[in-house]
Asker: 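Before I ask anything, let me first share the structure, which is written out below as structure tokens.
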Amino acid sequence: MDSLTSAASVVAAGLAVGLGSIGPGIGQGNAASGAVEGIARQPEAEGKIRGTLLLSLAFMEALTIYGLVVALVLLFANPFA
Amino acid sequence: MTIDHLADQAAAISAAELGLAESGSLGLQANAEIPSESKSEAQRQVDPMDDYVRLQQRLMMATLAVSTAAVALSWIFFSGSAAASLLLGACSGMLYLRLLARSVASLGKGSRSVGRFQLLVPVLLVIAALRVPAIELLPALAGFVLYKPALLLQAVLAP
């Protein structure tokens, strides 16, 4: 792998993780704060609120995982090398 | 005559006060007993985390069912190594879901934010798939994301 491809791969890996984490991070923060506020208002509905939060977080965090996978493939199994 | 009449009235009034006091104390006791009984029964019957625990169990069972079906189909239509990689990815997905559920359960009690510890699971899976020749990357990733159709299936079939 030449040095230009290596440098571009490392930069692309960093961008994939960094840019891919912005949206899910904001979304997870909003969801978690809303869930905690809802639990504080209605403690009797804690189980249902936590269940809904778990489902939404599982779908949101997948976007971060996709960025991680792309970054790891670029770093360890670069198809352009 | 008037003195006797006044004495009778005073006796009647004191008796009435005693009756009121007794009935009031009984009423207070009854009022004090009923909420404690109803509270203990309510605590026994409705635990707010029961729904969450049941949801976790349903998610795990749905993920297990979908993963078993996917591994069997990949064993039939593809190769054994692909099925093994898919099984490894499915186990990683279940571990990730379990760690995420634990992180959500501790939110607001022990921690103020959702933990990031569960993200180590896909990272380790991809690194293992890239380093170990026996593990194929695409079946492992497909097995890892099998928890998503399980979530959808559970959401559709939930009562």
Side-chain angles (χ1 to χ4, degrees), chain A residues 1 9 12-14 16-18 20-81, chain B residues 42-43 46-59 63 89 92-93 96-109 111-116 118-131 137-138 140-142 144-145 147-152 154-155 158:
Chain A
M1 188 188 315
S9 300
V17 174
S21 301
I22 292 175
I26 294 172
Q28 285 184 4
N30 286 334
S33 88
V36 172
E37 188 178 339
I39 290 171
R41 285 179 191 270
Q42 287 184 313
E44 68 273 7
E46 182 180 359
K48 289 183 179 177
I49 293 173
R50 283 190 193 275
T52 309
L53 180 65
L54 172 63
L55 295 182
S56 55
L57 286 187
F59 281 101
M60 268 189 274
E61 213 165 48
L63 304 174
T64 309
I65 293 170
Y66 296 155
L68 270 173
V69 170
V70 169
L72 290 173
V73 168
L74 281 175
L75 289 178
F76 294 109
N78 198 330
F80 306 108
Chain B
Q43 283 177 351
V46 180
D47 187 5
M49 290 298 281
D50 274 351
D51 288 335
Y52 186 59
V53 174
R54 265 186 266 119
L55 175 70
Q56 285 185 50
Q57 291 172 352
R58 284 203 309 266
L59 285 180
T63 308
S92 304
Y96 164 77
L97 199 61
R98 182 80 187 96
L99 291 175
L100 182 65
R102 186 184 296 178
S103 173
V104 169
S106 69
L107 179 66
K109 294 176 181 173
S111 66
R112 297 177 61 186
S113 64
V114 181
R116 295 282 179 191
Q118 66 271 5
L119 285 177
L120 279 179
V121 176
V123 171
L124 291 179
L125 176 68
V126 172
I127 290 177
L130 293 175
R131 294 291 185 195
L137 179 62
L138 281 180
L141 284 179
F144 179 78
V145 297
Y147 71 89
K148 290 185 136 190
L151 291 183
L152 291 176
Q154 186 274 333

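Within every chain, numbering begins at 1; the chains are lettered A, B, ... in the order of the sequence lines, protein sequences first and strands thereafter. The analysis underlying the following values was restricted to heavy atoms, covering all of them including side chains, and did not include hydrogens, waters or symmetry mates.
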Asker: Report the distance from atom CD of Gln56(B) to atom CZ of Arg50(A), rounding to the nearest 0.5 Å.
Answerer: 10.5 Å

Asker: Please give me the minimum heavy-atom distance between Tyr147(B) and Ala62(A), naming the atom from each residue.
Answerer: OH-CB, 4.0 Å

Asker: Which answer fits Arg54(B), side chain, backbone, both or neither, if we ask what part of it has an atom under 4.5 Å from a heavy atom of chain A?
Answerer: neither

Asker: Do Tyr52(B) and Leu53(A) make a side-chain contact, defined as non-hydrogen atoms from C-beta onward lying under 4.5 Å apart?
Answerer: no

Asker: Name the region of Leu54(A), side chain, backbone, both or neither, that has any atom closer than 4.5 Å to a heavy atom of chain B.
Answerer: both

Asker: Enter the distance from Ile49(A):CD1 to Leu107(B):CG here, rounded to the nearest 0.5 Å.
Answerer: 11.5 Å

Asker: Can you tell me how far CZ of Arg116(B) sits from OG1 of Thr64(A), rounded to the nearest 0.5 angstrom?
Answerer: 6.0 Å

Asker: In the structure I gave you, are the side-chain heavy atoms of Leu141(B) and Val69(A) within less than 4.5 Å of one another anywhere?
Answerer: yes

Asker: Contact part of Leu100(B) toward chain A, heavy-atom cut-off under 4.5 Å: side chain, backbone, both or neither?
Answerer: both

Asker: How many angstroms lie between CG in Leu72(A) and CG in Leu125(B), if you round to the nearest 0.5 Å?
Answerer: 10.0 Å

Asker: Any idea which of Val36(A), Ile39(A), Leu57(A) has the most non-hydrogen atom pairs under 4.5 angstrom with chain B?
Answerer: Leu57(A)

Asker: Less than 4.5 Å to any heavy atom of chain B: does that hold for the side chain of Ser33(A), its backbone, both, or neither?
Answerer: neither

Asker: With respect to chain A, which residue among Ser103(B), Pro122(B), Ala105(B), Ala155(B) yields the maximal number of heavy-atom pairs within a distance under 4.5 Å?
Answerer: Ala105(B)

Asker: Take a 6.0 Å sphere around NZ of Lys148(B) and say whether it holds more than 12 heavy atoms from other residues, nucleotides or ligands.
Answerer: yes

Asker: What pair of heavy atoms forms the shortest contact from Leu55(B) to Gly51(A), and how long is it?
Answerer: CD2-CA, 3.1 Å

Asker: Could you go through Val73(A) and Leu137(B), starting from their C-alpha distance and side-chain angles, then the distance that decides it, and tell me whether this counts as side-chain contact (heavy atoms from CB on, under 4.5 Å)?
Answerer: CA-CA 10 Å; Val73(A) 168; Leu137(B) 179 62; 3.9 Å; yes

Asker: Among Ala58(A), Pro43(A), Gly47(A), Ala77(A), single out the residue with the greatest number of heavy-atom pairs under 4.5 Å to chain B.
Answerer: Gly47(A)

Asker: What's the spacing between Glu44(A) CD and Asp51(B) CG if we round to 0.5 Å?
Answerer: 11.5 Å

